K.L.:
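Below is a structure I'd like to ask you about.
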Amino acid sequence: MQGEGIRCLKLFHASIVVVLILLQYCNLSLSLEFNNISSGEAGHKHIAKVLKVIRCIEREREALLAIKQDLVDDYNSLSSWGSEAQKQDCCASWIGVYCDEYTGHVVKLDLSGGYFLGGRISSQVGNLTHLQYFDFNGNDFNNVENLNSWLPRLSSLTYLDLSYNNLSNVPDWLEIVSKLPKLTNLTLIGCGLSSPAIHSSTLFNINSSKSLAHVDLSFNQLTSSIFLWLSNFSTSLVQLGLSRNNFTGSLPDVFGNMSSLAYLDLSHNQIEGGIPQSFSELCSLQALLFRNNILSIQLSKLVQTLMSTCPDKNSLETLSLSNNSLSESIPNLKNFSSLKKLDLYDNQLSGTMPENIGHMSTLETIRLGMNALEGVVSESHFSNLSRLIILDLSSTSLALDFNSNWVPPFQLVSIYLGFCKMGPHFPKWLKTQKSYLDLDISNAGISDVLPSWFWGTLHHDHEINSIDISNNRIRGIIPNSRFEFTSSSPPDVNLSWNQLEGSIPSFLSKASSLDLSNNKLSGPISFLCPKTPNEVSTLYFLDLSSNNLYEKLPNCWTHFENLVILDLSDNSILGKIPTTMGFLSSIQTLKLNNNRFVGELPSSLNNCTSLIVFDVGENKLSGFIPEWLGVGLPNLAILILRSNHFYGSIPSQLCNMRGIQILDFSMNNISGSIPKCLDNLTNLAQKGSSSLTLNHTYNVTLIGKWAYYEDESSLIWKGIMSKYKSTLGLVKSIHLSSNRLTGEIPSEITNLVGLVSLNLSRNNLTGQITPKIGKLQSLDLFDLSNNQIHGTIPTSLFGISGLGKLDLSNNNLSGKIPMGSQLQTYEPSVFAGNPLLCGIPLEQMCSPEETTPEEQPVENQDEDNDEFITLGLYVSLGLGFIIGFWGVCGSLIFIRSWRYTYYKFLNSVYDWLYVRVALIRRRRMIDG
Ligand SMILES: *[C@@H]1O[C@H](CO)[C@@H](O)[C@H](O)[C@H]1NC(C)=O
Ligand SMILES: *[C@@H]1O[C@H](CO)[C@@H](O)[C@H](O)[C@H]1NC(C)=O
Ligand SMILES: *[C@@H]1O[C@H](CO)[C@@H](O)[C@H](O)[C@H]1NC(C)=O
Ligand SMILES: *[C@@H]1O[C@H](CO)[C@@H](O)[C@H](O)[C@H]1NC(C)=O
Ligand SMILES: *[C@@H]1O[C@H](CO)[C@@H](O)[C@H](O)[C@H]1NC(C)=O
Ligand SMILES: *[C@@H]1O[C@H](CO)[C@@H](O)[C@H](O)[C@H]1NC(C)=O
């Protein structure tokens, strides 16, 4: 008996060893359980259980392998799935596969996000008949039209997520999904779904239980007919996400019966009017998100609707109605006694901010910005708001008037008070805020000294996203601080348009975006240079323009591989352009204009192959115009060498600049002739422009975000130096005036039909004006004055209907001035200094034999005249706007419109970006 027992025990141990070998690929928890097994009686049962657990059901394993076979798995994410001996157990070691502990059936398949699988989903999925949870979110399947062959077989499914897979070729998706009797969670975000035509007969007879509770169908093209289907689940629905679809018109009255609905998101649609009365029945509602629609009723009426059935809406925690057209004043919201988030940003609300908001002690977020609110906001508006972390009152007419020693009850994380009235004193209560991530008090009428505590209040290892105190009249020095930005999340810092002076403390160089433009800062620029040889600067945007910087540039640009925008214009910077600027490998806009740079352009700059805007105008640079400008910088759109001492001739290599839009070499000592190959400048040879502005979007990989920049350029237009930004995209010009150019104007220039401005004045050009000049139908400015052009004025010149400014004075032109439609608008000065010219508007009459010369017809001459009038007008209007407003209230309006553009832009890229960024994040997490 005893021997038997021992043999039995030995056998048992031997089997344990076998199991051990079998289990060597299992995870830690299993081996831990194993340790427990050897400890006595209970182990026997346990091991039986373990033995059962590891057996993956053959049929399901084959189905999984077939699924893998149909997938495109470029990253080999599913390497743990295989038929090799050590991979036999699909339950134990296959990534994303989970089995039932007792039955061994695969119950969960989670291949969400980050695997980047493609190909098709095999219909063998249908063999995993015990599947309860199926998540293929974020892959790239676009062949899911076989959905009907496998999904209905998964009758145990409670959770289905196929987000970001393309289901646009599955028109009957709704019917298929409706066949799953136990489904509770349905997530089909960004699947290209459109509303199927709902036939009540087919749809409502489906043998589906009404179990759906959590539905997210955002980012699709659904229309209101989906509500009809959803009303089937009115008693079970808890969560309903329908943002970013195509809902238009007013909402149907289907929500009344959704007694369990807690979360409703209809943001980013085009829903208009108000919300239906049936919303009053939603007494369990916790979150109502209606951002970015066109709701247009009075806010008080909307609140009344929400409250009418359940007057104490104490479940509501989130009310998000931003970016609508809600009007009139903000009503009393005190019955929302659990409200945490009140978001009414960007509506047409007027009146004051109600004082009783200060008693809603549950509030964490208040966003009332971008409304026509007015009146004074004081301490009492915040008296009990100890949980407040986000406050946005920006772009309102609210005046913030706090007692100077007010200690707010809150610690804010986000402070958006730009375009409020906060001044004239620097808000002292900010000193109590020690943990904010974002601070915007720009354009707030602050006229005070920057307090020495400004950076010091922040905790040392504190992360900051953004600080914007621009467009005030803040004086004094930027206090140096022991405070350092954390290198893992360098912030955006904007102190521009103030009256700051003194030198720039070096801790600011650790920002990612630094705008100190339009101040009175002086001192060395070497604050930028990293202290250690291998340190890479975090800056991607640096604007120090319009200050009093007068020292030399440091030669440390090898550290700035991330820098995309560098603007040092309008200072008094001395010395040579450092050769290390050639290491700015990401640079797209480089503006060094209006300084005192001397010497030649360093040839290393031809490594800056991403350059789009290169402006070194108004300096004392000399040397030949480098040939590499045309060879090494293929993306160049703006090249300005204006007002320097460059000499020699224009190299023909410059004709390679196919993207060039503005070429300004005026006011140098350039000689020789104008190259004939100019017609190779393809951008100038095309009419019109795809964009009003010259802008670039660039990804800042360093901090994982996208930035947007609109270029601004100073140009001399009709004799006035003007800043161009809002219409810069339309300006196509060649300015070569005030040089020593000789020879004829090459007739090839008339192929540059996109030219809006051609200024060749003040040279020694000879020859005649080609009759083909009429081809330049986009011209708004044409200046040939002060040359030695002879011959007659071609009639075709007056066929250019948009020509606003013409100057032919001081040449040797002769003969009769042709009669043209525009003629009467020109002053005599346009033709002055040409002794042999005669006719209107000059006083000198023509003798009878002087007639207008015969001309060959010019092609394209009167095609689409209106278009060009519009273009010319557009540019002039844009210019008028800039000249008119720049001095008066320019900066305010400018910055503001820039913001609008920025946010509008953000909205449009947000959609696909959101998806991509989410995917990249997940992928990173997996890689890591
Ligand atoms: C061993 O089993 C006991 C009882 O089942 C349990 O409380 C303990 O956590 C287990 N230990 C390990 C290491 O799994
Ligand atoms: C799996 O499903 C397919 C149809 O999709 C079927 O042809 C096949 O026989 C099934 N396999 C098993 C093992 O049941
Ligand atoms: C279903 O969705 C809800 C809300 O998103 C979530 O809380 C719940 O955990 C989900 N159910 C499952 C099984 O994941
Ligand atoms: C101008 O373009 C033509 C055709 O694209 C090319 O053959 C020629 O070399 C170019 N000329 C110059 C000077 O770049
Ligand atoms: C982002 O920038 C990096 C280089 O900085 C580039 O390689 C990558 O392609 C960019 N990504 C996108 C989506 O443009
Ligand atoms: C232009 O040419 C004339 C003679 O042809 C010469 O006297 C004059 O100096 C030249 N001007 C310039 C700026 O080169």
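Remember, it's 1-based here, ligands and their atoms both numbered in the order they're listed. In this text, all values refer to a predicted model and were calculated from it rather than measured experimentally. Note that these values count all heavy atoms, side chains included, but never hydrogens, waters or copies made by symmetry.
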K.L.:
Check whether any side-chain N or O of D135 sits under 3.5 Å from a backbone N or O of D110 as a donor-acceptor pair, and report yes or no.
P.N.:
no
K.L.:
Show which atoms of ligand 3 fall inside a sub-4.0 Å distance from at least one heavy-atom site of Q239.
P.N.:
3 (C), 4 (C), 5 (O)
K.L.:
In the complex you have, is atom 5 (O) of ligand 3 within reach of the protein, judged by whether a heavy-atom distance drops under 4.0 Å?
P.N.:
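Answer yes: something from the protein, a heavy atom, is under 4.0 Å.
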K.L.:
Hey, is NZ on K108 packed in by over 12 heavy atoms from elsewhere, all under 6.0 Å?
P.N.:
yes
K.L.:
Is the SG of C99 found under 2.5 Å away from the SG of C91?
P.N.:
yes
K.L.:
Show me which atoms of ligand 3 lie under 4.0 Å from any heavy atom of Y159.
P.N.:
12 (C), 13 (C), 14 (O)
K.L.:
So if I apply the side chain to side chain contact (heavy atoms under 4.5 Å, CB included) rule between L316 and each of L282, N335, L285, which one comes out positive?
P.N.:
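Only one option passes, and that is L285.
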K.L.:
Using a distance threshold of 4.0 Å (strictly less than), state whether atom 9 (O) of ligand 3 has a protein heavy-atom neighbour.
P.N.:
no
K.L.:
Using the test ring pair (Phe, Tyr, Trp, His ring centres under 6.0 Å), find all partners of F247 that sit at least two apart in sequence or belong to another chain.
P.N.:
F227
K.L.:
Just need the protein heavy atom nearest to atom 1 (C) of ligand 3, so name the residue and atom and give the distance.
P.N.:
N185 ND2, 1.4 Å
